[in-house]
Amino acid sequence: MDLLIKNARIPDHDATVDVAVEGDRITAVESSIDAESTRTIDAGGKVLIPALIESHIHLDKAFIMDRLPNKSGTLKEAIAGTAKLKPTFTKEDVVERATAALKMLVRNGSTIMRTHAEFDKAQGFTGFETVMELKDRFKDIMDVQVVAFPQEGIFKSEGVEQMMSEAMDAGADVVGGIPYNDAPADEHIDFVFKLAEKYGKPIDFHQDFKDDADNMTIEYICDKTIADGYQGRVSVGHLTALAAVEPAERDRIIAKMAEAQISVMCLPATDLHLGARNDAYNMRRAVTPVRALRDGGVNVCLATNNIRNLFTPYGTGDLFQVAALAIPVCHLGGADDLPTVLPMMTDNAAKALGIENYGIAAGNQADMVLLDSDSIATCVIDIPERLFVIKRGRVIVETKKEIVTAF
Ligand SMILES: [Zn+2]
C-alpha cells in the first residue's frame, strides 16, 4: 500500500484504528493492519478526521481590507466599498490574493471548498475567470466548487442576467443568488431556480442577511424548492434574520426548511462583525439560530465566508477558529452540543455540497487531517495543530515544530 496510518483515533470509534491507503482511496480501516507500506505514520493515539470542508468562502475578494477600509462596519458600506474596488482588480491581483487564501485553508486542513465568485459589468469576469483557472491549477490539493455569484443583483445591475448564463456556460458548478440585494426578490429567486434547472446544478443563496425579520424570502425558497423537486440541492448562507423571528413562527419556518432539505451555512465571523450595528446597547448576536435549526432537522454547516476584507476584517482560513467563535455565540459549548460542532465542518458540509465517498471508511477518497489532539470529544476546543493534511492519499501538509520550554 502507499500510506498506512497507525493508531489513529477516529470519530465514532472507541478504540484506535489503522487506516490503509492505496492511490487516492482508503482501502481499509481496521483495529490492526500489518502490511508493507511506502510510508507509515504513527498517529500515536491522536485524532484523525476527514478533511475539513470550507462550505462558503469568497476567494476573489480576500485580502482587500486595507484598500478601502469599511469604517462604519456595516453591510451597506461593505457592499458599496467592494463594488468600488472590484473594477480595479486585475487578473494578477486576484491570482495572488485568492492563492494566498486557498493555501491558508489547505494548511489548516480544508481540502474541499465551495467558493462564490462574482461578476458584473463594472469588473467583468476578471474575478470569476481567475477563480475558475485556480480551481484547475490547484486540483491536486483542493477540490473546488465555484458558485456563479451575482453580488450586485441580477436585475438591478445591468447585464448580470446575461452574465449568469455565460458563467454557467463557462463551467460554474453552482448557481448563486442574493435575493436581499435585488428587486423583486421573488423574481430573483425564480430566475436562479430556472437557470439551475436548465444546467442541472445545485443552488446556493446569500439569504436573509439582516438583524430583523423584515422581508424574509426563505419561505418562498422552501416552497419553490419543494414545488420544483429540488430538495437536498439548495443551500443558504447567513440567514441571520431567522434569529429575529419569535420561536413558534421560527420553528414553523424551520420545519418547512427541513421538508425542503435546505442546508444552512452559518457564517459567524462576518455576521458578528456586520450585525447589530444599529444596536446602541444590549447588542444582538445576529447569527442564524444554529441549535433551533439543528434540532429541527436542518443540515447546518459552519463556514468562513471572508478573509480580511470589507465584510470581515480578520480571519486565518482556519475553520477551527470559526468554530471557536460559534461555540459561545451559538450556545454550542454544552455537553450535548459540542459533539455536533465538528460535523458542521465535515459530514454536514459534505452533505450540503453533495460530496460523495467522503469520510474515513474503506472505499472513500483519502482526504484526512491528523490533529495534535488526543480526544474526539475536545479536539474542536483544542484548536489543535494540523500535523498532517492528506489529499487523495498524498501528504500535502506536514507540521514540524519544536517547542522549547524552561519549565
Ligand atoms: Zn458569502
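Atoms within each ligand, like the ligands themselves, are counted from 1 in listed order.
- In the displayed structure, Asp140 atom CG is contacted under 6.0 Å by more than 12 heavy atoms of other residues, nucleotides or ligands.
- A centroid separation of less than 6.0 Å is found between the aromatic rings of His58 and Phe149.
- In terms of heavy atoms, Thr217 sits closest to Pro179 at OG1-CB, 3.8 Å.
- Looking at Glu219 and Arg252, a side-chain N of the basic residue comes within less than 4.0 Å of a carboxylate O on the acidic one, giving a salt bridge.
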Full working for side chain to side chain contact (heavy atoms under 4.5 Å, CB included) between Gln145 and Ile112: CA-CA 8 Å; Gln145 293 184 356; Ile112 297 169; 5.9 Å; no
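- Partners of Asp212 according to the salt bridge (charged side-chain N to carboxylate O under 4.0 Å, His left out) rule, which considers only residues two or more places apart in sequence or in another chain, are Lys210.
- Taking a cut-off of 2.8 Å, the protein N, O or S atoms nearer than that to the Zn ion (ligand 1) are His56 NE2, His58 NE2, His206 NE2, Asn305 OD1.
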